[in-house]
2 protein chains.
Amino acid sequence: MKRITIKDLSKYLALSTSTISRAFVDDKHIHPDTKRTVLEAAQKLGYRPNPMALSLKYGKSKNIGFVVPEMTTPFSSTVLRGVQNILYPLGYRVIIMQSEEDPEIERKNLLLLEEFNVDGIIINLCHETYNQANYQHVMQRGIPMVFFDRIPPNALDVSKVLVNDAIKASLMVEHLISIGRKRIVHLRGPASIRNAEERVSGYRRILTKYGLFDPALLVEPKGMLFQHGRDAAKELVEKGIAFDSIFAFTDTLAIGAMNYLLEKGYRIPEQVALASFSGTEMATIVHPPLSNVQQPLVEMGETAATLVMEKIKDPDVASKSVTLDAKLIYRASTLGMPV
Amino acid sequence: MKRITIKDLSKYLALSTSTISRAFVDDKHIHPDTKRTVLEAAQKLGYRPNPMALSLKYGKSKNIGFVVPEMTTPFSSTVLRGVQNILYPLGYRVIIMQSEEDPEIERKNLLLLEEFNVDGIIINLCHETYNQANYQHVMQRGIPMVFFDRIPPNALDVSKVLVNDAIKASLMVEHLISIGRKRIVHLRGPASIRNAEERVSGYRRILTKYGLFDPALLVEPKGMLFQHGRDAAKELVEKGIAFDSIFAFTDTLAIGAMNYLLEKGYRIPEQVALASFSGTEMATIVHPPLSNVQQPLVEMGETAATLVMEKIKDPDVASKSVTLDAKLIYRASTLGMPV
DNA sequence: CAAAATTAAGGGAACGATCCCAAAATCACA
DNA sequence: TGTGATTTTGGGATCGTTCCCTTAATTTTG
């Protein structure tokens, strides 16, 4: 019931706490026999080092903050799994904060994490105006930050994990062209997020190349939720803008749009083909399943966790940007493989 | 940069650390003027109490473990929001563990949480044989546990948050009957989970009442994932068992089944109506949207958090079972409102 | 106005571990 | 067998806070 401490072992074995401690850290100033005795006694009495004492001693909480816009889609939770894969075996705990796509909540979450004394933060920005001042404040406090997926503009010197957004976006758009689509809508992401811009530029470049670009087809939803994807599709339809396919910033937006279209009786993919950028399980649970650019989400989390650990071990290590490779997955929403 | 401690304030104000401390806790043995001075200085220098020191002092980590089968569907993340609503303002941190529907991982997660020194655990069981011995071990260590949603059999004396499963299940099945269905499949949950049994009994009771019960329609999927729902539907079809509707243990199973049926060209709800028990956002993002028994997920999390806090404050308080009320939501997958 | 009662402030142990420094035990070797 | 070198152990400060126990200052009271 009561926790066994080093002092208990010390009494039990009639040895000083220093000696007991030496048995656990790899200290050469201890007799091998003594070490064995201590380890056995520890085993027998069920000794476990007290993480709170170590936290206090070393000034490290061994907590890492994980800030995401939401956890209701599988995106963040899949990345989280990667993060946990790396951090749990190292004895680090992960504390999750959902900013619900609201920069104000995101700000509060960062403050709370600071309060909680986290040793590092892994963050995916929420979609609106970003909290540059806050990020800087956190980092000045000596808490390393690693960004993934939604990356801030270049100004900030931080480690980042991203994918080759522009290229893959353009390839996916090219795929739509290859299946004969000419009026390709892009439901874009917010301008405050760098990779939203990258995906837009990939989209624009390839359409311009084929002479198909039409600014009326580049639309910015009011937010990142299903409802917003839905609203965007509705607006297109009601404005009478013709389109034969949609490439969306996220699975969520794509599915929102898809649902509206299905309700209105559009046939998918015959009348409107759909593709998105994300790579969550959601793409496979809707009907028809969605073609998308699949990001290596678990790997993304693992990379982010590794980067944050690097910064924790050596705060002066240079910031890194790791670019992972995303894969194009063709599903029924775009009629199978491209020619 | 460097953390301000009580000692810094002590030097700055030429007061003992005791006095400084008294200004923060509500101690009457301090002159109001002194208190004001201290508080002002704290504000000015940016003093924040060190949670790690408090943890050590009080033997409480202020960490709560949250163990769930998975986070890739919105179920757990919505409950999590409720948990966070209650716990974050109290200065508690939430550590999430995904057991991936695997009892072995669940076991390891519990050990890890014990290692992490959590003050309490909120848990939703994974679907397979449950780790009774482990739950008991954790509780013997003095860590209170609160179960929600998937509840263990009665043997365990723990606090629980559940919904009125049997009744709502029977009402939903009755709804299917009211829209003229006679061959109602139930994709049931695992026998090791009490509310799976409850839902089955609600299903069976109402069908028996109407003389519609057929054991061939009560099927147990091989797991809890989309794929398993899908497989179950496939098997029914391939075995040539006639059915005109499905009532599933979770949204996930229902959607898995639905996708298979849609692919095979079944019209939903005309040929097969679908309903489930869960209440996640997923039900609304598929087409047609799914009728389901909607559990108050956020409230569930809030209740679980409140119960665990009660046990933390007073370990001897009696275990409680709180039953929340679930709502039936009728959507297009069952053709609108019942008559 | 002195003694008693009250109020305010300070000193230092405690929580559990590590680690520096000193002390003791062992060993090597002349 | 004694001296110095080496190995092994112990003592105690430290991290930041609270809280018990004194001590000092102030107020009340006869």
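These numbers come from the heavy atoms of this one structure, side chains and all, not from hydrogens, waters or symmetry mates. Chain letters run A, B, ... following the sequence lines, proteins first, then strands; residues in each count from 1.
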Discussion item. Less than 4.0 angstrom between a side-chain N/O of A/Y58 and OP1 or OP2 of D/dG16, yes or no?
Written reply: no
Practice prompt. Test for a donor-acceptor pair under 3.5 Å between the base of C/dG12 and the side chain of B/S18, counting only N and O atoms.
Written response: yes
Practice prompt. Indicate whether OP1 or OP2 belonging to D/dT18 is found under 4.0 Å from a side-chain N or O atom of B/S21.
Written response: yes
Fill in: Donor-acceptor pair under 3.5 Å, A/R22 side chain vs D/dG10 base
yes
Worksheet item: On a plain distance test, is the side chain of B/S16 in donor-acceptor contact with the base of C/dG11 below 3.5 Å?
Response: no
Worksheet item: Which nucleotide in the list D/dC15, D/dT8, D/dT17 gets nearest to the side chain of A/K57?
Response: D/dC15
Item to complete: Could you check whether B/A23 gets within reach of a base, just the sugar-phosphate, or nothing at all, counting any heavy atom under 4.0 Å?
Response: nothing
Worksheet item: A/I20 or B/T17: which one's nearest nucleotide on DNA chain C is closer to the 5' end?
Response: B/T17
Worksheet item: Mapping B/A14 and A/L54 onto DNA chain C by nearest heavy atom, which one lands closer to the 5' end?
Response: B/A14
Practice prompt. Report yes if a donor N or O on one partner sits less than 3.5 Å from an acceptor N or O on the other, where the partners are the side chain of A/K7 and the base of C/dA17; otherwise report no.
Written response: no
Fill in: C/dA8 phosphate, OP1 or OP2, under 4.0 Å from B/H29 side-chain N/O
no
Item to complete: Measure up the A/F147 and A/Y135 rings against each other and bin them: parallel (under 30°), tilted (30 to 60°), perpendicular (over 60°).
Response: perpendicular
Worksheet item: Is the distance between the ring centroids of A/Y47 and A/Y12 less than 6.0 Å?
Response: no
Fill in: Minimum-distance nucleotide to B/T34 side chain [options: D/dT9, C/dA9, C/dA17]
C/dA9
Worksheet item: Looking at the rings of B/F148 and B/F66, which for Trp means the six-membered one, are their centres under 6.0 Å apart?
Response: yes
